[in-house]
Amino acid sequence: MTKETVNKSEKNMYRYGLQERLCNLYDQSRQGKCFKHLMKMIVSEENIVLAYRNICKNKGSFTAGVDGKIITDIQKHPIQTVTQKVRSKLVQYQPKKVRRTYIDKGNGKQRPLGIPSIWDRLIQQCVLQVLEPICEAKFHERSNGFRPYRSPQNAAAQCYKMIQLQNLHYVVDIDIKGFFDNINHAKLIKQIWAIGIQDLKVIAIIKAMLKAEILFNDIAISPEAGTPQGGILSPLLSNIVLNELDWWIASQWETMPTRINREYSKTDKNGNVVIDRSQKWSMLREKSKLKEIYIVRYADDFKIFCRDYSTAKKTYTAVVNWLKERLSLEISAEKSGITNLEKNYMEFLGLKIRSVPKGRKFAVMSHMTAKAKGNAKKKTAESIKRILNHNDQKSIDKNISLHNSLVSGLHNYYQMATLVSADFSEIGYPIQKMLSGANHNNKGCSVEKSGDIRSRFIAENYGKSKQMRWIGGRPLIPIAYVQHQYPKYKRREVNKYVLKNYAEHQLPNSVNFEIIRYLMENAYRWESIEFADNMLSRYIAQKGNCAVTHKPLYLHNMDCHHIKPKQGGRAENNSYENLVILCTEVHRLITATKEETINKYVQMLNLDEKQLAKINKFRKYADLQPIEN
């Protein structure tokens with residue numbers, strides 16, 4: 001952020017700049033504050049640069065909108081130009097048309113996506129970054145979709161807890177018809193206002209985003225409802241819509257005030273005082289006729305856990321009516337209903353879950369759904385075929401890397417199923433047959449039963465498996481080698497906008513935050529936003545150390561070096577891969593041509609053999625003679 005947009009009191013208040021200001025928004029929102037002056041933060045240079053960085057992480061940044069432009073069309077501009085363009089667009093914001101496209105849902109149907117222009121996506125990201133902490137403070141702890149530090153595993157853990165620990169075995173399952181396409185705009189704006197976002201300029205920008213015309217087959221359609229899936233702000237807006245449902249369900253039991261209207265507390269094993277509602281709920285069970293219900297939600301997919309069928313039936317009717325009357329949303333009757341988990345499975349997030357007797361209690365039993373298992377079989381079989389149908393080492397290496405990534409990703413997600421091992425044995429059996437028959441069928445590459453494992457990840461997680469196979473010297477992760485891991489329960493306190501959590505999860509301890517702040521605040525000095533962003537990323541990736549000497553870097557003694565050097569005064573390639581951060585002495589040695597200069601810095605740096613080899617590698621790219629040891 002530039003000096004003009006941040007006063008001295010703000011600078012003294014926040015050590016890490018924008019992140020602390022976002023954390024401050026979260027704290028104020030928790031305390032019930034309403035926000036009427038957010039635009040200054042939205043259009044700050046620091047926020048715009050952060051928005052650019054976040055968009056670059058998304059593969060969708062290379063998908064063009066109606067204007068045909070992608071992220072590289074922003075990268076080439078200096079930061080000052082990007083900042084000025086974003087600010088000028090927001091004076092009287094009118095987004096470009098949204099390009100409509102469709103993706104396969106895997107069940108023969110297609111899901112519509114709306115692709116805004118790249119500049120509109122950047123603006124949406126700028127708005128999202130400022131609104132998210134305000135909303136996070138108001139969201140229910142069992143809302144898990146499209147939220148930082150939240151995942152499907154957290155939702156599964158909450159379901160397991162309801163079944164095993166709270167013995168709630170009746171589940172109300174509601175399927176909303178075309179949720180994203182049917183969100184009521186007027187109702188959404190009221191919900192945004194009620195959540196505390198009361199900056200009229202921001203509200204006007206969100207209205208413009210919602211009303212952006214959708215272009216399909218050269219026909220422009222003005223939407224009367226819905227938020228386009230594919231828009232960066234849409235997930236947050238959808239959570240705002242259903243946040244009211246979360247708290248309405250909670251008000252029926254969890255947050256129901258008692259005669260002595262206070263929160264009970266207890267001290268945990270770490271000595272922290274935490275809220276304990278179990279005493280309150282015990283009293284409600286004994287002395288009231290209230291029905292005990294809890295919601296677990298991931299995006300628009302949610303389950304309501306009840307203690308008996310009568311409660312579930314009443315809850316189903318009440319929720320259907322509430323959605324229609326309050327949010328103008330219809331449900332799909334054929335996909336909605338009530339499930340007794342002691343007799344049948346419920347499906348949620350790719351799992352089918354039920355409760356089974358275990359002594360005097362009940363335990364969770366869960367599998368992959370038939371659809372999830374079928375998709376996994378199809379993808380892994382296609383992946384193995386790609387490997388076996390090539391005989392050149394480059395293609396084999398690439399396809400094995402993709403295969404291992406696919407299998408480890410499937411394991412990582414579905415290991416929350418209690419019977420995941422049986423599921424993946426079924427998935428892996430035909431793959432093992434394909435590998436066993438590869439040598440007999442004279443395939444282009446041979447399959448070996450022994451070899452070296454150079455990957456630490458594969459060695460630690462799969463090295464003990466007898467199912468390991470090697471092709472072209474590269475190990476294949478065995479599909480059937482996986483064990484159940486109980487999903488982690490995430491508490492409300494674990495949040496991106498609580499500073500201690502941010503510091504623990506986001507940046508390595510060895511980086512100098514003052515250098516990070518300097519690089520962000522002075523990004524306008526560099527030739528393009530791409531260079532400024534990748535230089536900062538390199539500094540963090542190197543953990544604040546010189547790439548050659550591995551000693552800490554300081555502002556007065558650090559340079560960003562182009563591995564493939566500049567041509568004609570400009571860098572041909574400002575990509576992350578072409579940049580490296582060095583101390584000034586090392587940088588001068590790499591570029592030195594005079595013998596006395598080379599000798600001076602060799603003696604000063606006292607380099608070992610490995611460090612000198614690295615310097616000579618950089619000198620080779622610059623067509624300079626190697627330095628003799």
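We number each residue from 1, following the sequence as shown. Bear in mind the structure is a predicted one, so any value in this text is a computation, not a measurement.
For the pairing with S332, the side chain to side chain contact (heavy atoms under 4.5 Å, CB included) check across I174, I176, D175 returns one residue only, D175.
A donor-acceptor pair is defined here as one N or O able to donate and one able to accept, closer than 3.5 Å; no such pair exists between the side chain of R150 and the backbone of A155. In this structure, N239 contributes its side chain and G145 its backbone to a donor-acceptor pair below 3.5 Å. Using a distance-only test at 3.5 Å, with no hydrogens or angles considered, no donor-acceptor pair links the side chain of S143 to the main chain of R297. Not one N or O on the side chain of S366 forms a donor-acceptor pair closer than 3.5 Å with the backbone of I353. Side-chain N or O atoms of K358 include none that pairs as donor or acceptor with a backbone N or O of A363 at under 3.5 Å.
Counting all heavy atoms, side chain and backbone alike, I331 lies closest to S336 at CD1-OG, 3.8 Å.
Screening residues 303-324 for salt bridge (Lys or Arg N to Asp or Glu O under 4.0 Å) gives D173-K303, E292-R307 as the qualifying pairs, with residues at least two apart or on separate chains. Contacts classified as ring-ring contact (aromatic ring centres under 6.0 Å, His included) and involving residues 306-363 (residues at least two apart or in different chains) are given here: H169-F362, W248-W322. Pairs of residues two or more places apart, or lying in two chains, that qualify as side-chain hydrogen bond (donor to acceptor under 3.5 Å, both in side chains) and include a residue from residues 403-414 are S383-H403, H411-Y462.
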Under 3.5 Å, which donor-acceptor pairs link side chains of residues 463-481 to any protein atom two or more places apart or in another chain?
from, atom 1, to, atom 2, distance (Å)
S465, OG, Q467, N, 3.0
R469, NH1, K466, O, 3.3
W470, NE1, D452, O, 2.9
R474, NH1, D397, O, 3.4
R474, NH1, D397, OD1, 3.4
R474, NH2, S401, OG, 2.9

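Using a 4.5 Å cut-off on side-chain heavy atoms (C-beta onward), I163 and V171 make no contact. W193 places none of its side-chain heavy atoms less than 4.5 Å from the side chain of C34.
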For this session: Take V407 and V482, measure what side-chain contact (heavy atoms from CB on, under 4.5 Å) needs, and give me the verdict at the end.
Result: CA-CA 10 Å; V407 175; V482 60; over 6 Å; no
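Side-chain contact, Q153 with K488: no donor N or O sits under 3.5 Å from an acceptor N or O. There is a side-chain donor-acceptor pair under 3.5 Å between E132 and Y497.
In this view, N344 and T339 satisfy the side-chain contact (heavy atoms from CB on, under 4.5 Å) rule, not counting sequence neighbours. Y160 is linked by a ring pair (Phe, Tyr, Trp, His ring centres under 6.0 Å) to Y486, counting only residues two or more places apart in sequence or in another chain.
A salt bridge links R326 with E244: at least one charged nitrogen is closer than 4.0 Å to a carboxylate oxygen.
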